[in-house]
Amino acid sequence: MEEETHVHSVLNLLGLQEVADRKVAELPLGLGRLVEVARAIATSPKVLLLDEPCAGLDSQETRELGQVLQRVARQEDTGILLVEHDLEVVMRISDEITVLDHGSVIARGPASQIREDAAVRKAYLGSELSLLGHDD
């Protein structure tokens, strides 16, 4: 019974109560991705490793997944290691960011610091342009 209670709390946390009885194959990609996260969270991990969770999602689904990940980190006291190329979601939800370029760490810090880092700009944009529309 305790496991069932935990599963229901995970479904509530991720907003999946309404689709709990449906097959994942019947769900849109964004909801399917949330189910994948729910499955992982149901094991009560201390750290959750997510590799490109936003791949294939539209901007609305990406925003929703980002919000869910923030809730999970705070409410479940779970660390999240996010490997993601969608800079917008990374900048929006991360407390600390480590940026790699060809396997080497080129920057580490909060989003505000990463956004202003010239090496990050050059690696990701090929120039000194501002990241994500934040002009200097």
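- With sequence neighbours excluded, the residues satisfying side-chain hydrogen bond (donor to acceptor under 3.5 Å, both in side chains) with Arg92 are Glu88.
- The shortest non-hydrogen separation linking Arg108 to Gln113 is O-NE2, 3.2 Å.
- Between the CG atom of Leu16 and the CG atom of Leu11 there is a distance of 6.0 Å, given to the nearest 0.5 Å.
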- Is there a side chain to side chain contact (heavy atoms under 4.5 Å, CB included) between Arg121 and Glu116 once you walk through the steps? CA-CA 8 Å; Arg121 291 179 186 182; Glu116 302 303 322; 2.9 Å; yes
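- Between Val83 and Leu49 the shortest side-chain heavy-atom distance falls below 4.5 Å.
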- Task: Evaluate the criterion side chain to side chain contact (heavy atoms under 4.5 Å, CB included) for residue pair Val105 and Val99; output intermediate values, then yes/no.
- Result: CA-CA 6 Å; Val105 174; Val99 182; over 6 Å; no
- Taking it one step at a time, do Glu26 and Lys23 satisfy salt bridge (Lys or Arg N to Asp or Glu O under 4.0 Å)? CA-CA 5 Å; Glu26 299 171 353; Lys23 294 180 180 180; 5.3 Å; no
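- Hydrophobic clustering of Ile, Leu, Val, Met, Phe, Trp and Tyr side chains at less than 4.5 Å, counting indirect connections, keeps Val90 apart from Leu100.
- Between Glu61 and Arg33 there is no side-chain heavy-atom pair separated by less than 4.5 Å.
- Within 6.0 Å of atom CD in Glu96, more than 12 heavy atoms from other residues, nucleotides or ligands are found, so the atom counts as buried in its surroundings.
- Between Glu84 and Cys54 the shortest heavy-atom distance is OE1-N, 3.1 Å.
- Atoms OG and CD1, on Ser9 and Ile41 in that order, are 10.0 Å from each other to the nearest 0.5 Å.
- Side-chain N or O atoms of Asp101 include none that pairs as donor or acceptor with a backbone N or O of Ser104 at under 3.5 Å.
- Counting only distance, with no hydrogens or angles, the side chain of His6 and the backbone of Ala42 share a donor-acceptor pair below 3.5 Å.
- Sorted by first and then second residue, the pairs that involve residues 64-76 and meet side chain to side chain donor-acceptor pair (under 3.5 Å), not counting sequence neighbours, are Gln60-Glu64.
- In this structure, the separation between OG on Ser112 and CG on Asp117 is 11.5 Å, given to the nearest 0.5 Å.
- Note: Leu82 CG to Ile97 CD1 = 9.5 Å, rounded to the nearest 0.5 Å.
- Residues Ile106 and Ala123 share a closest heavy-atom pair of CD1-CB, 3.8 Å.
- The side-chain contact (heavy atoms from CB on, under 4.5 Å) with Val37 is formed by just one residue from the set Leu13, Leu69, Ile80; it is Leu69.
- In terms of heavy-atom proximity, Ala40 sits nearest to Pro45 at O-CD, 3.4 Å.
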- Item | Residues Val19, Val24; criterion side chain to side chain contact (heavy atoms under 4.5 Å, CB included); working and verdict | CA-CA 9 Å; Val19 297; Val24 176; over 6 Å; no
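- If you run side-chain contact (heavy atoms from CB on, under 4.5 Å) between Leu14 and each of Leu31, Val35, Leu65, Val68, only Val68 comes through.
- Separation of atoms CD1 (Ile114) and CE (Met91) is listed at 6.5 Å; rounding is to 0.5 Å.
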- Leu50 and Leu81: side chain to side chain contact (heavy atoms under 4.5 Å, CB included), yes or no, with the steps? CA-CA 6 Å; Leu50 299 173; Leu81 178 58; over 6 Å; no
